[in-house]
4 protein chains.
Amino acid sequence: MSAEPGPRPRRSGRPAEARKDPSAIAATRPAGPTAAEQTSSGPRRNEAARLAVLNAADDLLVERGFEGLTIEGIAARAGVAKQTIYRWWKSKVDILYDNLVLDAEEALRWPEPAEGADPSVADLRDYLHRFAAFLGEAPAGRVLQALLGHAQLDARTAGLLHDGFLRELRARDTERVRACLAEPDQRGEVDADEAAALLDDLLAPLYYRALLALAPADPAELDRRLDRALRARAAG
Amino acid sequence: MSAEPGPRPRRSGRPAEARKDPSAIAATRPAGPTAAEQTSSGPRRNEAARLAVLNAADDLLVERGFEGLTIEGIAARAGVAKQTIYRWWKSKVDILYDNLVLDAEEALRWPEPAEGADPSVADLRDYLHRFAAFLGEAPAGRVLQALLGHAQLDARTAGLLHDGFLRELRARDTERVRACLAEPDQRGEVDADEAAALLDDLLAPLYYRALLALAPADPAELDRRLDRALRARAAG
Amino acid sequence: MSAEPGPRPRRSGRPAEARKDPSAIAATRPAGPTAAEQTSSGPRRNEAARLAVLNAADDLLVERGFEGLTIEGIAARAGVAKQTIYRWWKSKVDILYDNLVLDAEEALRWPEPAEGADPSVADLRDYLHRFAAFLGEAPAGRVLQALLGHAQLDARTAGLLHDGFLRELRARDTERVRACLAEPDQRGEVDADEAAALLDDLLAPLYYRALLALAPADPAELDRRLDRALRARAAG
Amino acid sequence: MSAEPGPRPRRSGRPAEARKDPSAIAATRPAGPTAAEQTSSGPRRNEAARLAVLNAADDLLVERGFEGLTIEGIAARAGVAKQTIYRWWKSKVDILYDNLVLDAEEALRWPEPAEGADPSVADLRDYLHRFAAFLGEAPAGRVLQALLGHAQLDARTAGLLHDGFLRELRARDTERVRACLAEPDQRGEVDADEAAALLDDLLAPLYYRALLALAPADPAELDRRLDRALRARAAG
DNA sequence: CATTAAGCGAGACGGTACGTCCCGTCTTGTC
DNA sequence: GACAAGACGGGACGTACCGTCTCGCTTAATG
């Protein structure tokens with residue numbers, strides 16, 4: 001499925017076919033209710049159906065919006081029985097959540113902290129830019145937007161999104177920020193709270209602009225903001 | 001919160017009765033589809049029904065959440081026919097919007113720029129605190145949260161909320177910020193973009209924390225953040 | 001309003017205007033809730049509104065059928081307030097009933113039993129033909145059909161139509177039949193039951209064909225049927 | 001009436017329970033939208049729901065009349081979802097129509113033209129009596145009355161009733177009348193038009209009396225009328 | 001000649017039922 | 001036992017009319 005750089009050809013366009021295709025996704029761990037630990041007899045979970053559902057949900061979200069997204073619509077579009085959806089997911093939110101996890105896993109990946117090379121502020125800068133892009137991109141950004149929106153309206157969604165995704169993302173990112181700031185030429189150790197606060201200060205405007213439908217921050221401003229934060233930290 | 005004088009006991013509790021009561025609201029301009037310009041003859045809009053609907057919507061939002069809020073439920077609770085609701089509002093979103101406007105008008109009021117007394121940084125500081133409180137308070141904060149959430153899912157809601165409310169609020173507040181910063185002992189004129197950016201920087205974390213279900217900012221942090229922003233401005 | 005022959009120009013066409021017009025109808029007693037015994041002060045009943053309602057009901061019955069006929073529709077078409085209708089009629093059935101009475105009064109009139117000329121079998125024959133025509137004509141026949149139909153569904157309508165109209169019509173016609181058969185050259189007195197039975201035998205097929213949507217009886221058959229009945233009577 | 005043996009206690013009374021029960025009806029072909037030709041897989045039509053709806057409609061028609069009969073009422077009484085009704089019937093008229101067909105099939109059955117025994121005038125006489133009884137009986141007669149009434153008000157009902165039921169009934173009965181009159185001791189062949197006319201003459205008074213709410217014909221009169229018609233035919 | 005009580009156009013109101021959409025569960029038969 | 005198909009009980013939708021009820025205006029007869 002080709003790792004990093006490429007423009008993620010499979011999901012960008014609307015042609016719908018050949019996206020999240022079996023061959024490709026099979027490599028990544030099937031987030032959510034998965035191929036499972038198959039103990040009993042009978043047929044295994046149908047992987048094609050799973051992918052058809054995930055893609056149909058993405059498509060319909062983009063085409064009709066969250067309110068126009070229905071289980072029946074997904075089933076029809078995916079050529080799948082309703083029961084097959086209910087067997088593996090609790091609600092349309094859970095389907096979108098799976099898509100979010102799949103997309104975020106790719107788009108919000110940090111560079112492997114491979115041999116020799118230490119994490120650096122450049123990594124953080126890159127991550128910020130990718131994060132901003134993620135929010136604006138379809139369908140990934142639309143999915144996150146929808147889930148964030150629905151989390152304001154429904155406690156189950158809020159639990160799933162906040163506890164299951166955002167909290168872990170923040171924890172992981174906080175750790176990475178600490179690593180980035182601990183470079184030799186920086187001022188040494190950073191405690192976790194400080195790193196989390198810095199991360200929040202960098203991300204808050206991104207969410208703010210996305211959710212209030214303001215113009216997205218342009219890359220230059222992101223850089224300025226990061227520099228300012230680093231300077232403030234250096235100053236004490 | 002409640003800087004101002006007026007005893008606003010009517011909406012704080014859940015008792016539902018004697019809130020948004022005719023006598024009180026009659027004073028404030030009846031936002032949204034209203035008693036109106038009554039050109040023809042014929043019966044006037046029933047003010048009691050209007051208030052019953054607004055209050056029922058608030059109550060049910062708090063009790064059952066946005067998804068559990070239905071037009072039929074509101075009608076039943078308010079003792080009103082469904083058609084009476086549809087006559088004056090397009091959807092439950094419009095009802096909540098009216099409530100939001102009504103509440104914001106009271107809670108997010110700036111001190112009158114009365115004679116002699118110039119607007120000051122203290123006003124801005126106070127406003128920030130009241131804004132943070134507004135986001136946390138029920139039902140007002142819940143209403144805003146629900147509308148912000150639903151705006152992510154539905155274009156009409158987004159239009160209503162962003163264009164009809166948030167944009168104007170931001171414009172008004174930007175102007176106030178300029179006035180506050182233009183105090184004699186401050187550095188003189190502030191241009192609108194600068195003021196807007198400062199405002200955004202102050203509000204973004206508040207929205208961020210509210211919508212991502214993080215702990216709300218405590219007042220002391222708000223002060224620190226404001227001071228830092230003013231210092232940065234003073235520095236250059 | 002011109003007695004018999006004329007093609008009743010006022011109601012035949014659909015142009016709707018100038019039918020049942022004030023000048024013409026004013027002569028006939030305003031069936032149903034009427035100009036009344038006016039005791040108090042204030043304005044009298046508006047005759048123009050009454051006629052507009054009656055005509056609008058006829059028109060809409062023909063255009064949209066009984067089920068599509070609504071008080072609101074009549075009010076709108078007649079340019080009249082709903083309340084004005086409810087003030088004078090209990091239901092759309094009552095409006096149609098007034099139309100029926102008005103129409104029947106004209107179309108089902110027997111020749112005046114004027115001086116010298118005795119009623120004759122020819123009168124009965126003529127009446128039969130006019131009755132058959134009445135059932136087929138619009139809007140009169142449609143009104144009777146609708147009321148007869150609705151009388152099967154609703155006891156109030158049945159009471160109004162049967163007790164208020166059909167019974168009286170039958171009684172009057174029975175009397176006329178007796179008179180027709182009592183001609184010198186006929187077999188003398190006819191008792192009322194016998195006359196009623198003869199009338200029923202003549203009318204039953206007309207109703208039967210109309211209500212079961214069979215082809216209407218042609219005039220020649222009516223004549224044959226009448227002759228046969230008279231012969232049977234003569235035979236004993 | 002009830003020529004046949006079978007105990008048909010299930011629909012006569014109002015007790016509502018144990019009428020049109022599965023075991024009994026299963027024998028008769030389920031008129032109307034039925035268990036059908038089941039081509040695909042998937043769940044079959046729920047027979048219990050179908051019967052519950054049919055019985056509920058009958059009951060409510062008798063209890064509340066046609067105007068008081070609503071789809072919601074039927075659904076509630078039958079313990080069925082509205083959608084289940086709309087899935088199989090277009091309107092309450094169609095439900096009543098199914099009941100009519102079911103009832104007529106039983107009550108208006110001619111004796112099997114079994115071996116040896118030729119159809120006779122006695123069969124026709126018996127049929128006439130059963131027909132008259134059918135019109136007066138509840139719920140069957142009420143259903144026919146309601147449908148005949150509504151057919152005057154609504155073209156769809158008229159089409160269904162006249163084309164779907166009455167026309168076929170008349171054709172079948174005409175054929176039977178021909179057979180009855182073709183007995184050895186009768187005057188030989190009867191042409192179809194003549195038989196239809198005779199049938200109409202016998203039935204018209206029955207409908208006439210039923211629909212105009214006159215006293216129903218008593219059996220003796222039916223016999224007299226039949227005899228008179230036969231004599232007239234014999235006479236030429 | 002003003003008073004005043006109705007009639008009137010307009011239309012808001014509390015209601016009932018409509019016919020539709022989708023929910024989540026279930027049943028049936030196939031693979 | 002997973003699956004496609006789809007019927008089922010349920011709940012809410014938004015609409016159409018019902019019949020009742022103000023409104024403010026107009027229009028006579030009466031005091």
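In the text below, chain A, chain B and the rest are named by the order of the sequence lines, each starting its count at 1. Note that this is a predicted model, so its numbers are computed, not measured.
The backbone N or O of Ala57(A) lies less than 3.5 Å from no partner atom in the side chain of Lys92(A), so there is not a single donor-acceptor pair. Of the possible donor and acceptor atoms, none in the side chain of Arg77(B) sits under 3.5 Å from a partner among the backbone N and O of Ala75(B).
Distance, Tyr86(C) OH to dG7(E) C1': 18 Å, rounded to whole Å. Atoms CD1 (Ile74(A)) and C1' (dC22(E)) sit 12 Å apart, rounded to a whole Å. Counting to the nearest Å, the C1' atom of dC17(F) and the CZ atom of Arg64(C) are 13 Å from each other. The interatomic distance linking Arg77(C) (CZ) with dG9(E) (C1') rounds to 18 Å, in whole Å. For the pair Arg45(C) CZ and dA28(F) P, the interatomic distance rounds to 16 Å; values are reported in whole Å. One atom, CH2 of Trp89(C), and another, P of dG19(F), lie 15 Å apart when rounded to the nearest Å. Atom NZ of Lys92(C) and atom C1' of dG19(F) are 14 Å apart (whole Å). Protein atom NZ of Lys90(D) is 12 Å distant from nucleotide atom P of dT20(E), rounded to whole Å.
Distances from the side chain of Val80(D) to the nucleotides dG9(F), dC8(E), dA17(E) place dG9(F) closest. Across dG11(E), dC3(F), dC23(F), the shortest atom-to-atom separation from the side chain of Thr84(A) is found for dC3(F). Of the candidates dA10(E), dC18(F), dA4(F), the closest approach to any side-chain atom of Ala81(A) belongs to dA4(F).
Taking the nucleotide of DNA chain E with the nearest heavy atom to each of Ser91(A) and Ile71(D), the more 5' of the two is matched to Ile71(D). Each of Asn46(C) and Leu69(A) was assigned the nucleotide of DNA chain E with the nearest heavy atom; the assignment lying further toward the 5' end belongs to Asn46(C). Annotation: of the two residues near DNA chain F, Thr70(C) and Gly79(D), the 5′-most nearest-nucleotide partner is Gly79(D). Taking the nucleotide of DNA chain F with the nearest heavy atom to each of Gly68(C) and Ala49(A), the more 5' of the two is matched to Ala49(A).
Between dA12(E) and Trp88(B), no contact under 4.0 Å exists linking OP1 or OP2 to a side-chain N or O. In this structure, Arg87(B) reaches the dC13(E) phosphate: one of its side-chain N or O atoms is under 4.0 Å from OP1 or OP2. Residue Arg44(B) places at least one side-chain N or O under 4.0 Å from the OP1 or OP2 atom of dG24(F).
Val53(A) and Val80(A) get closest at one heavy-atom pair: CG2-CG1, 4.1 Å.
Note on Gly73(C): nothing from the nucleic acid sits closer than 4.0 angstrom, heavy atoms only.
For a distance-only test at 3.5 Å, the side chain of Gln83(C) qualifies as a donor-acceptor partner of the base of dC21(F). Side-chain to base pairing of Lys82(D) with dG10(F): no donor and acceptor N or O lie closer than 3.5 Å to each other. For Glu72(C) and dC18(F), a side-chain-to-base donor-acceptor distance below 3.5 Å is absent, hydrogens and geometry of angles not being considered.
Distance check: Leu147(A) CG to Leu160(A) CG gives 7.5 Å after rounding to the nearest 0.5 Å.
In this structure, Arg50(A) and Asn46(A) have side chains that are not in contact, with every pair of non-hydrogen atoms separated by 4.5 Å or more.
Taking the ring axis of Trp89(B) as reference, the NZ or CZ atom of Arg45(B) stays within 45° of it and closer than 6.0 Å to the ring centre.
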